[in-house]
Enquirer: 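I'd like to ask some things about the structure below.
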Amino acid sequence: MHKTLMSLVAIAIGFGWLGTAQAEQPIALKFWTFLPVQGSDPRSTALKGVIDGFNKSQSKYEVSVESINYARIDNTVIQSTAAGQGPDILNVYTDQLSMHAAAKTIVPLDSYLAAMSPAEVEDFLISPNALRIGGHVMALPWEMRVWLLGYRKDLLDNAHQKVPATLDEVANAAAVVSTDQVMGFGMGASTAGLGAQAMETFAPIFWGAGGQMFDDKGNTTINSEAGVKTLSWLGDLVKRNAMKSTVVSMGAEDIQTAFRAGTVGMQIVGSYRVGATRNSPTTGDNFQTTPIPGWTADKPMPARLASQTLTIGTTSKHKDGAWEFIKYYLGTPSQIEFAKAGVLPSKASSYQDPFFGESSQGKEIRGWADYARQRGRMEMTPRDFSRLSEELAKAIQKVILEGMDPKAALDAAATAYNGQRH
């Protein structure tokens, strides 16, 4: 029997059968993203569905996911790429895109974009040109996010407060809602998570006051009159007992936990967080959203836009395979799968799906997209943007905890940030 088996193996090799079997093994592609493929976040379920769908749709490639916390993923990629071990496909947040371009962790997508039809390119709600750095398109958006006023309907109703139409009404309602256990308005004002939520809360209000984040030389101007007006408003929330000083030690996840528990009444929140925050027995339909109220009722607040994007890693040996996966991720079925997890599709054609006209969730997402189209504002941020967010968080902390003058606090933040650029 042993001789017979050996003969069969020899015949198989002679005919190339074993070689063919080996050649048919799919090429492994590594995808690094901030999203986990497991957990309670609806986006995790959607991600798993998209990965499984791609792997089943063809046999040439097989994608595996490595999930890395959003506060660590960028530095991890930079270090791994320097060691020649970066991912094939990388998820990059638009605020960090300049940093990756400067670190050469990603490659331009110009040649792949050129192969797309003009209609496909124009279908993106955030133009690929908005992701152009040094003359090259460095990534494509797979989702769009807009910041909104999120509020607990039950808390406002119990306090006999209507949905605010101005920032002054936000402050008034937050003061009425606040108790020993509840703060009417909350924000993550710590430097945790790169100080991201401090900037996410500050930026749209700052823009609404007429502010510009940077001058022509790339220096920040957060210490302008608009910045002082914005930080003064935030500081006054604490003075009016509409927000508690404990926000200085809270990050974005802490605020979402408190919101789900009913101990925060209102917050400025990214649309991408709504699904996960609402996905709780104590939250559900009590979590409602509305455009961020303006300084005055007749002047709506600009809608801050950002995006999670997909791009190809510099060290990838299978860039064409990475592009095939990106195309699948950007396809309508994938877009709809993420939409059902509360994510805004990045392509206009996706909104033609019946989901957006037949379900309450779909109609809400369409409303967010309309707000983004009408009032949207997006700026390409410098590679050290997270440093500015952290300095801004420190300025907010100084005003809340030390009673520092908002102008002095913002001057210190601007000096610290601008000084390290030179």
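Values below: every heavy atom of this structure, side chains too, minus hydrogens, waters and symmetry copies.
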Enquirer: Any carboxylate oxygen within less than 4.0 angstrom of a Lys/Arg side-chain nitrogen, looking at D52 and K56?
Expert: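 Not counted as a salt bridge, because no side-chain N and carboxylate O are separated by less than 4.0 Å.
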Enquirer: Which residue pairs satisfy the side-chain hydrogen bond (donor to acceptor under 3.5 Å, both in side chains) criterion with at least one member in residues 331-340, sequence neighbours excluded?
Expert: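 side-chain hydrogen bond (donor to acceptor under 3.5 Å, both in side chains) check on residues 331-340 returns Q335-S346, Q335-S350.
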Enquirer: Quick one: CD on Q288 to CG on L148, what's the gap to the nearest 0.5 Å?
Expert: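 Q288 CD to L148 CG: 11.5 Å, rounded to 0.5 Å.
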Enquirer: Do you know which two heavy atoms are closest between P141 and S307, and how far apart they sit?
Expert: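 It is CB-OG, 3.1 Å.
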Enquirer: Are R145 and D95 within salt-bridge range, i.e. N to O under 4.0 Å?
Expert: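 Answer for the salt bridge query: no.
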Enquirer: For I268, does its backbone N or O pair with a side-chain atom of E200 as donor and acceptor, under 3.5 Å?
Expert: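 Flag not set: sc E200 to bb I268 has no pair under 3.5 Å.
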Enquirer: Rounded to the nearest 0.5 Å, how far apart are CD1 of I126 and CE of M144?
Expert: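 Rounded to the nearest 0.5 Å, the CD1-CE separation comes to 6.0 Å.
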Enquirer: Strictly by modelled atom types, are N69 and R72 linked by a side-chain donor-acceptor pair under 3.5 Å?
Expert: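 Absent: no donor and acceptor within the cut-off.
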Enquirer: Within the side chain of S389, is there an N or O that forms a donor-acceptor pair under 3.5 Å with the backbone of A196?
Expert: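 No.
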Enquirer: I'd like to know if the side chain of T315 and the backbone of T81 have a donor-acceptor N/O pair within less than 3.5 Å.
Expert: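 No; zero donor-acceptor contacts below 3.5 Å.
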Enquirer: Please answer whether the main-chain N or O of Y93 pairs with a side-chain N or O of Q96 as donor and acceptor at a distance below 3.5 Å.
Expert: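 Not a single qualifying donor-acceptor pair exists.
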Enquirer: Using side-chain hydrogen bond (donor to acceptor under 3.5 Å, both in side chains) as the criterion, point out the one residue from Y329, W142, Y70 that pairs with N91.
Expert: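 Of all the options given, the one that passes is W142.
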Enquirer: Are any side-chain N or O atoms of N158 and backbone N or O atoms of D154, one a donor and one an acceptor, separated by less than 3.5 Å?
Expert: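 Pair found, side chain donor or acceptor close to backbone of D154.
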Enquirer: Under the ring-ring contact (aromatic ring centres under 6.0 Å, His included) test, which residues partner F202, sequence neighbours left out?
Expert: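 F202 satisfies ring-ring contact (aromatic ring centres under 6.0 Å, His included) with F206 only.
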Enquirer: Please determine if E390 and R387 form a salt bridge, counting it only when a charged side-chain N lies under 4.0 Å from a carboxylate O.
Expert: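 No, this pair does not count.
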Enquirer: Does the side chain of T277 come under 3.5 Å of the side chain of Q256 through a donor N or O and an acceptor N or O?
Expert: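 Yes.
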Enquirer: Does a donor on one side chain and an acceptor on the other come within less than 3.5 Å for T282 and S280?
Expert: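 Result is yes, a qualifying pair exists.
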Enquirer: Has the side chain of Q58 got a donor or acceptor atom that lies under 3.5 Å from a matching backbone atom of K60?
Expert: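 Side chain of Q58 to backbone of K60: a pair is present.
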Enquirer: If you measure from the Lys or Arg side-chain nitrogens to the Asp or Glu carboxylate oxygens, is any gap between D41 and R43 under 4.0 Å?
Expert: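 Judged by the 4.0 Å cut-off on N to carboxylate O distance, D41 and R43 do form a salt bridge.
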Enquirer: So if I apply the side-chain hydrogen bond (donor to acceptor under 3.5 Å, both in side chains) rule between Y417 and each of D384, N219, T220, which one comes out positive?
Expert: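 For Y417, the side-chain hydrogen bond (donor to acceptor under 3.5 Å, both in side chains) check succeeds only for D384.
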Enquirer: What's the spacing between N286 CG and Y151 OH if we round to 0.5 Å?
Expert: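 OH of Y151 is found 10.5 Å from CG of N286.
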Enquirer: Calculate, to the nearest 0.5 Å, the distance between atoms OG and CD1 belonging to S359 and I365 respectively.
Expert: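 CD1 of I365 is found 7.5 Å from OG of S359.
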Enquirer: For the residue pair W147 and Y272, does the interplanar ring angle fall in the parallel (under 30°), tilted (30 to 60°) or perpendicular (over 60°) class?
Expert: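 Taking Y272 first and then W147, their aromatic rings stand perpendicular (interplane angle over 60°).
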Enquirer: When you measure from the side chain of W295 to the backbone of I205, do you find a donor-acceptor pair of N or O atoms at a distance under 3.5 Å?
Expert: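 Checking the backbone N and O of I205 against the side chain of W295, a donor-acceptor pair under 3.5 Å is found.
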Enquirer: Measure the acute angle between the ring planes of Y61 and F54, then classify it against the limits of 30° and 60° as parallel, tilted or perpendicular.
Expert: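 The arrangement is parallel - the two ring planes meet at less than 30°.
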Enquirer: So, does T309 use its side chain to make a donor-acceptor pair with the main chain of V92 at under 3.5 Å?
Expert: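 Yes.
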Enquirer: For the pair T311 (side chain) and L90 (backbone), establish whether a donor and an acceptor sit closer than 3.5 Å, ignoring hydrogens and angles.
Expert: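 Absent.
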Enquirer: Between S349 and D123, does any side-chain donor sit less than 3.5 Å from a side-chain acceptor?
Expert: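 Side chains of S349 and D123: pair found under 3.5 Å.
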Enquirer: Looking at L109, I89, I106, which one forms a side-chain contact (heavy atoms from CB on, under 4.5 Å) with I312?
Expert: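 Going through L109, I89, I106 one by one, the side-chain contact (heavy atoms from CB on, under 4.5 Å) with I312 is satisfied by L109 alone.
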Enquirer: Can you measure from OH (Y371) to CH2 (W368) and round to the nearest 0.5 angstrom?
Expert: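 Rounded to the nearest 0.5 Å, the OH-CH2 separation comes out at 12.5 Å.
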Enquirer: Side chains of E62 and Q25: do they bring a donor and an acceptor to under 3.5 Å?
Expert: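 Q25 and E62 do not have a side-chain donor-acceptor pair below 3.5 Å.
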Enquirer: Do side-chain atoms of D88 reach the backbone of G313 as a donor and acceptor pair under 3.5 angstrom?
Expert: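 Here the side-chain-to-backbone pair does not exist.
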Enquirer: Roughly how far apart are W207 CH2 and I292 CD1, rounded to 0.5 Å?
Expert: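 W207 CH2 to I292 CD1: 10.0 Å, rounded to 0.5 Å.
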